[in-house]
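In what follows, a single structure is set out as structure tokens and then discussed.
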Amino acid sequence: GVFAHLEMLEAQAHEAALKEEEMEQQEEKLVNLKARVEELRLRRDELRAKVDLQEKRQLGKEEVASGSAQPSAQAMLEWKLRSVKAMLQIFYLTGISGKLTKRGVCFCISTAYESTYLDSYHLDLLTKPEVRIYRHSVPIFIPLEQIAQKYLQTDIRRFLSVLSDHLNAYAGRRYQADQLQEHFSDQIEGTLQRNSLCNLLVFNYNVSRKSQTFPFNARLLYGDPCCSLPTEAIVSC
């Protein structure tokens, strides 16, 4: 009757208010996280500038000490070691850590989505006679080879940064798909479908209203491989 309808409307209003409050909290959390990321990026840029300046000063001192002669092989090796150590300290602030090995450098790229830490991936690089990938745990569907061909020999910082963006975006998409399947299994019909890269999600869900159920089909497309949010959503009823 009328009372039952009013109770249903009141329950719907209460549920909508809770969802709105939850969305506001998530938006506030997202704003804080974005501010933190920006702060870390600024700090990273400052450290990069300091390291570059220190390297130039050190190289200048070595050139002055040796006169017009070319720097010795030992001096160049020490300079490269100092550069790598400084770079490791910088990347530690951005979720990338590493350590020197007998053959080169071993990097660890940690992924996270919002405030949740996810998987870590390892990358073992050889530095002699040239920089190359020795072994890694990066998933096969991440375009590691293309990224390496573009940046590894010319700008290793850029190489690690781009690779980190790909891995974090993939981990974020997979985490969201897992959360959707886990927390909304009662509303999702069947199993959520996704490909290995998690840049395409397809699922069916039902919406009930006035004792009627409406089936919906949703397709989420992620056009940007470095983004954890969909670029296109197609919903059909």
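Numbers here are sequence positions counted from 1.
- The side-chain heavy atoms of Leu167 and Pro139, taken from C-beta on, include a pair separated by under 4.5 Å.
- Residues Leu220 and Leu200 do not share a hydrophobic cluster, clusters being chains of Ile/Leu/Val/Met/Phe/Trp/Tyr side chains in contact below 4.5 Å.
- In this structure, Val131 is a member of the same hydrophobic cluster as Ile133, with clusters built from ILVMFWY side-chain heavy atoms closer than 4.5 Å.
- Aromatic rings of Phe141 and Tyr170 (six-membered ring for Trp) have centroids within the 6.0 Å cut-off, being under it.
- Between atom CD1 of residue Ile156 and atom CG of residue Leu163 there is a gap of 11.0 Å, rounded to the nearest 0.5 Å.
- Checked by atom type, the side-chain pair Arg103/Tyr134 shows a donor-acceptor distance below 3.5 Å.
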| task | Go through Glu189 and Asn206 one step at a time and tell me if the side chain to side chain contact (heavy atoms under 4.5 Å, CB included) criterion holds. | result | CA-CA 7 Å; Glu189 182 179 328; Asn206 297 318; 3.6 Å; yes
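- A donor-acceptor pair under 3.5 Å links the side-chain atoms of Arg173 to the main chain of Cys198, judged by distance alone.
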| task | Quick one: do Tyr113 and Gln176 satisfy side chain to side chain donor-acceptor pair (under 3.5 Å)? Show the steps, please. | result | CA-CA 9 Å; Tyr113 180 74; Gln176 292 178 81; 3.3 Å; yes
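- Residues Lys99 and Val105 form no side-chain contact, since every pair of their non-hydrogen atoms from C-beta on lies 4.5 Å or further apart.
- Side-chain heavy atoms closer than 4.5 Å link hydrophobic residues (I, L, V, M, F, W, Y) into clusters, and following such links, even through other members, never connects Leu126 to Leu152.
- The backbone N or O of Asp119 sits less than 3.5 Å from a side-chain atom of Thr111, completing a donor-acceptor pair.
- Atom OH in Tyr205 sits 10.5 Å away from atom CG in Leu180 (nearest 0.5 Å).
- Annotation for Phe184: atom CZ does not count as buried by contact number, only 12 or fewer foreign heavy atoms lying within 6.0 Å.
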Name each donor-acceptor pair under 3.5 Å that joins a side chain in residues 226-237 to protein atoms two or more places apart or in another chain, with its distance.
from: Thr231; atom 1: OG1; to: Leu221; atom 2: O; distance (Å): 3.3
from: Thr231; atom 1: OG1; to: Gly223; atom 2: N; distance (Å): 2.8

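- To the nearest 0.5 Å, atom NE2 of residue His136 and atom CD1 of residue Ile142 are 11.0 Å apart.
- Separation of atoms OG (Ser164) and CG (Leu123) is listed at 11.5 Å; rounding is to 0.5 Å.
- Side chains of Thr191 and Gln181 form a contact here, defined as non-hydrogen atoms less than 4.5 Å apart.
- The environment of CD in Glu145 is sparse: at most 12 heavy-atom neighbours from other residues, nucleotides or ligands sit within 6.0 Å.
- In this structure, the separation between CG on Leu197 and CG on Asn195 is 6.0 Å, given to the nearest 0.5 Å.
- To the nearest 0.5 Å, atoms CG (Leu192) and CZ (Phe203) are separated by 6.5 Å.
- A pairwise comparison of heavy atoms in Ala112 and Asn168 identifies N-OD1, 3.0 Å as the closest pair.
- Of all heavy-atom pairs between Pro225 and Ala169, the closest is O-CB, 3.4 Å.
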| field | Full working for side chain to side chain contact (heavy atoms under 4.5 Å, CB included) between Tyr175 and Thr116 | value | CA-CA 9 Å; Tyr175 174 76; Thr116 302; 3.5 Å; yes
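- Among all heavy-atom pairs drawn from Ala171 and Leu118, the shortest one is O-CD1, 3.5 Å.
- A salt bridge links Asp178 with Arg194: the closest approach of a Lys/Arg side-chain nitrogen to an acidic carboxylate oxygen falls below 4.0 angstrom.
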